[in-house]
Amino acid sequence: MRVDVAIRSARDLTAAARKARILPLSREEVLKVGTLSRIGLSDAEVGRFTTQLSSILDYVGKLRELDTSGVEPLAHALPLHNVLRPDEPRTGLAPEQALAGAPEASGDFFRVPRVLDEGVSA
Amino acid sequence: MAITDLTACRMREALRRREFSALEAADASLAAIARLDGRVRAFLSVDADGARRRAAGIDKRLAAGEPAGLLAGVPVAVKDNMCTADGQATTCASRILGGWRAPYDAHVVERLAAEGAVVVGKTNLDEFAMGSSTENSAFGATRNPWDLERVPGGSSGGSAAAVAARMVPLALGSDTGGSIRQPAALCGVVGLKPTYGRVSRYGLVAFASSLDQIGPFGRTVADAALLLQATAGHDPRDSTSVPEAVPDYLAALEEPVRPLRIGLPKEFFGAGLDPEVRRVVRDALAAYERLGAQMVEVSLPHSAEYAIAAYYIVATSEASSNLARYDGVHYGRRSSDHADMIDMYMRSRVQGFGDEVKRRVMLGAYALSAGYYEAYYKKALRVRRLIRRDFQDAFKTVDCIMGPTSPTAAFRQGERTADPLAMYLSDVYTVSCNLAAIAGVSVPCGFTRAGLPVGLQIITDVFTEDRLLRIARMYERETAWADRSPPVCEARP
């Protein structure tokens with residue numbers, strides 16, 4: 001069996017969902033998720049990601065087949081809770097080290113573009 | 001025998017006996033990189049001067065009879081998502097980090113230095129460790145040393161290829177859903193994902209924090225054990241690092257585990273498994289039977305069919321949060337042209353991230369967004385518990401679980417890049433270990449007719465790496481796969 005055939009048969013698991021060809025995501029939703037993620041997508045990217053993310057969501061939708069009522073969510077598989085250390089001062093990075101990789105710095109600060117529009121009083 | 005043909009264990013013995021110097025070992029490794037890496041492209045950066053300087057320092061200690069560490073003089077490569085403060089960049093194979101220099105060493109990098117290892121360079125990966133082929137690198141794909149037209153697997157493909165091509169005897173990788181084990185299988189080397197919390201993640205650039213774990217690559221089980229020994233242990237700087245004693249992994253390595261009950265999940269041998277991979281893995285299982293192991297059919301009903309789906313929700317959700325830090329403010333690149341702060345974020349991130357990172361960050365943001373959180377993220381966490389239970393139930397009756405590491409041998413460059421979902425299915429047998437926090441290793445178990453390596457995956461319960469390594473070694477003793485070297489080592493440019 002060739003590799004592509006092997007992949008195809010793995011994907012037969014979702015064949016039924018695929019046949020329906022329901023795209024669970026719209027272009028508007030992809031744009032919205034892009035904005036939430038602070039990724040300014042181009043038109044071409046919106047088109048490509050709409051198709052690709054729809055296909056992935058279509059696949060992960062198979063989780064709905066499982067009855068998970070009464071099953072507690074597992075966020076972390078080891079029983080570690082509230083790992084604390086004594087609240088004692090420690091040396092951290094010096095300002096010049098912390099700023100060494102910054103695209104723009106000013107004195108001991110990270111410098112960022114204007115946040116408020118001009119004309120808006122602070 | 002050339003220095004680069006030696007395993008790490010044999011190299012460190014020879015170094016102690018002063019058969020050759022650490023500087024000669026570093027130079028041999030650097031020469032192999034110079035000769036081969038133009039074709040393999042395993043390394044993103046090579047620190048020849050630093051490596052030679054460190055090696056010379058080790059030679060002084062060895063000559064003076066001072067303790068020089070577990071890995072004294074052994075060349076090691078480090079995946080480029082682990083911070084190094086020595087002046088080498090830490091890139092995560094992403095444009096967004098630019099030429100960022102980390103202000104501190106990762107815990108594992110400190111451990112390597114403390115044990116006398118000579119870090120020669122940083123290896124290529126899928127951007128931010130997101131991928132299964134090392135094609136999603138902003139700096140170009142790594143090639144498989146067994147067939148340069150094929151992928152080395154990923155995301156730790158650079159580390160796997162560097163060890164397979166004998167450029168270094170040891171390398172560190174990270175495994176979030178199979179990123180050590182799958183490239184180890186595709187490159188014909190040993191790759192081990194330790195229990196979550198066994199190795200500190202301090203200084204490992206975060207992808208999915210509840211799944212990420214650092215682990216070793218080597219050509220032999222003993223070499224992987226040696227590197228695990230050097231890096232494992234509690235570190236208070238990683239609150240998920242576990243204060244559990246580290247056993248001596250090498251002391252009992254040659255002792256077989258007897259009796260040995262091997263669980264074979266039928267879900268790992270079903271549709272989608274390439275028949276040649278199936279045949280090679282079955283042969284390996286037969287070798288265990290000859291050693292007296294008992295085969296037990298087990299069922300992991302949630303761990304193949306649903307693991308990929310649960311994994312890609314959990315991992316992308318965590319990634320969408322972790323990668324929020326790449327904002328063009330604190331480090332890395334900022335877009336040069338922007339109207340205001342938000343626009344600067346939007347442009348810096350769209351220019352700095354590759355497609356797979358964008359897809360995963362957006363998928364995670366979607367799964368966590370209002371209206372979908374219950375249906376996707378919470379649902380995936382519930383399935384995660386079912387997967388963990390599958391393994392807990394299985395380990396009541398068996399000592400370990402075995403199956404193929406990857407459903408296919410190495411695939412061709414470009415074959416799966418257009419279809420992200422096909423790429424995700426490369427991890428179908430590996431992701432459940434990460435969701436369940438348990439340990440897994442891939443060991444070479446033979447070749448396809450086309451001469452591509454196949455890996456056997458062995459899985460054991462949390463904090464049983466000592467037994468896991470012994471089980472792997474039982475098989476390795478019976479075989480000579482580690483002696484084969486890939487064609488690229490022979491061929492002249």
For the [atom1] atom of [X] and the [atom2] atom of [Y], what is their distance to the nearest 0.5 Å?
{"X": "B:D419", "Y": "A:T51", "atom1": "CG", "atom2": "OG1", "answer": "11.5 Å"}
{"X": "A:L74", "Y": "B:L435", "atom1": "CG", "atom2": "CG", "answer": "9.0 Å"}
{"X": "B:R360", "Y": "A:L53", "atom1": "CZ", "atom2": "CG", "answer": "11.5 Å"}

*Can you spot which of B:K358, B:R359, B:R349 makes a salt bridge (Lys or Arg N to Asp or Glu O under 4.0 Å) with A:E45?*
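Checked B:K358, B:R359, B:R349 against A:E45; only one passes salt bridge (Lys or Arg N to Asp or Glu O under 4.0 Å): B:K358.
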Do [X] and [Y] have side-chain heavy atoms sitting under 4.5 Å apart?
{"X": "B:Y366", "Y": "A:L25", "answer": "yes"}
{"X": "B:D340", "Y": "A:V115", "answer": "no"}
{"X": "B:V329", "Y": "A:E104", "answer": "no"}

_With side-chain contact (heavy atoms from CB on, under 4.5 Å) as the criterion, how do A:R38 and B:V350 come out once you've worked through the C-alpha distance, each side chain's angles and the decisive distance to 0.1 Å?_
CA-CA 8 Å; A:R38 295 284 184 260; B:V350 80; over 6 Å; no
_For A:R64, is the CZ atom crowded, meaning more than 12 foreign heavy atoms sit under 6.0 Å from it?_
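No, CZ of A:R64 has 12 or fewer neighbouring heavy atoms, counting only those of other groups under 6.0 Å.
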Side chain, backbone, both or neither of [X] within contact of chain B (heavy atoms, under 4.5 Å):
{"X": "A:L93", "value": "side chain"}
{"X": "A:R48", "value": "side chain"}
{"X": "A:A100", "value": "neither"}

Flag the one option from [options] with the top tally of heavy-atom pairs under 4.5 Å to chain A.
{"options": "B:V462, B:I308, B:V242", "result": "B:I308"}
{"options": "B:G352, B:P103, B:A309, B:P420", "result": "B:A309"}
{"options": "B:G197, B:P236, B:G328, B:A365", "result": "B:G328"}
{"options": "B:G98, B:A310, B:S210, B:A304", "result": "B:A310"}

Specify the closest pair of heavy atoms between [X] and [Y], including all atoms of both residues, with the distance to one decimal.
{"X": "B:R382", "Y": "A:V71", "result": "NH1-O, 3.0 Å"}
{"X": "B:K379", "Y": "A:L66", "result": "NZ-O, 2.7 Å"}
{"X": "B:R388", "Y": "A:A77", "result": "NE-O, 3.8 Å"}
{"X": "A:I39", "Y": "B:M346", "result": "N-SD, 3.8 Å"}
{"X": "A:Y59", "Y": "B:E305", "result": "OH-O, 4.1 Å"}
{"X": "B:A339", "Y": "A:R114", "result": "O-NH2, 3.7 Å"}

For each of [options], tally heavy-atom pairs with chain B at distances under 4.5 Å, and name the one with the top tally.
{"options": "A:Q52, A:R111, A:Q97", "answer": "A:Q52"}
{"options": "A:P73, A:S37, A:A98", "answer": "A:P73"}
{"options": "A:V33, A:L36, A:L63", "answer": "A:L63"}
{"options": "A:A105, A:G34, A:G101", "answer": "A:G101"}

*Give, as side chain, backbone, both or neither, the part of B:D327 having an atom under 4.5 angstrom from any heavy atom of chain A.*
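For B:D327, no heavy atom lies under 4.5 Å from chain A.
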*Please state whether the side chain, the backbone, both or neither of B:M362 comes within less than 4.5 Å of a heavy atom of chain A.*
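For B:M362, the contact with chain A is made by backbone and side chain together.
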*asked:* Whether A:K62 engages the ring of B:Y306 as a cation-pi pair (distance to the six-membered ring centre under 6.0 angstrom, angle to the ring normal within 45°) should be assessed.
replied: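 Yes; both conditions hold, so A:K62 lies above the ring face of B:Y306.
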_Please determine whether a side-chain nitrogen of the Lys or Arg among B:R385 and A:E72 lies less than 4.0 Å from a carboxylate oxygen of the Asp or Glu._
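No.
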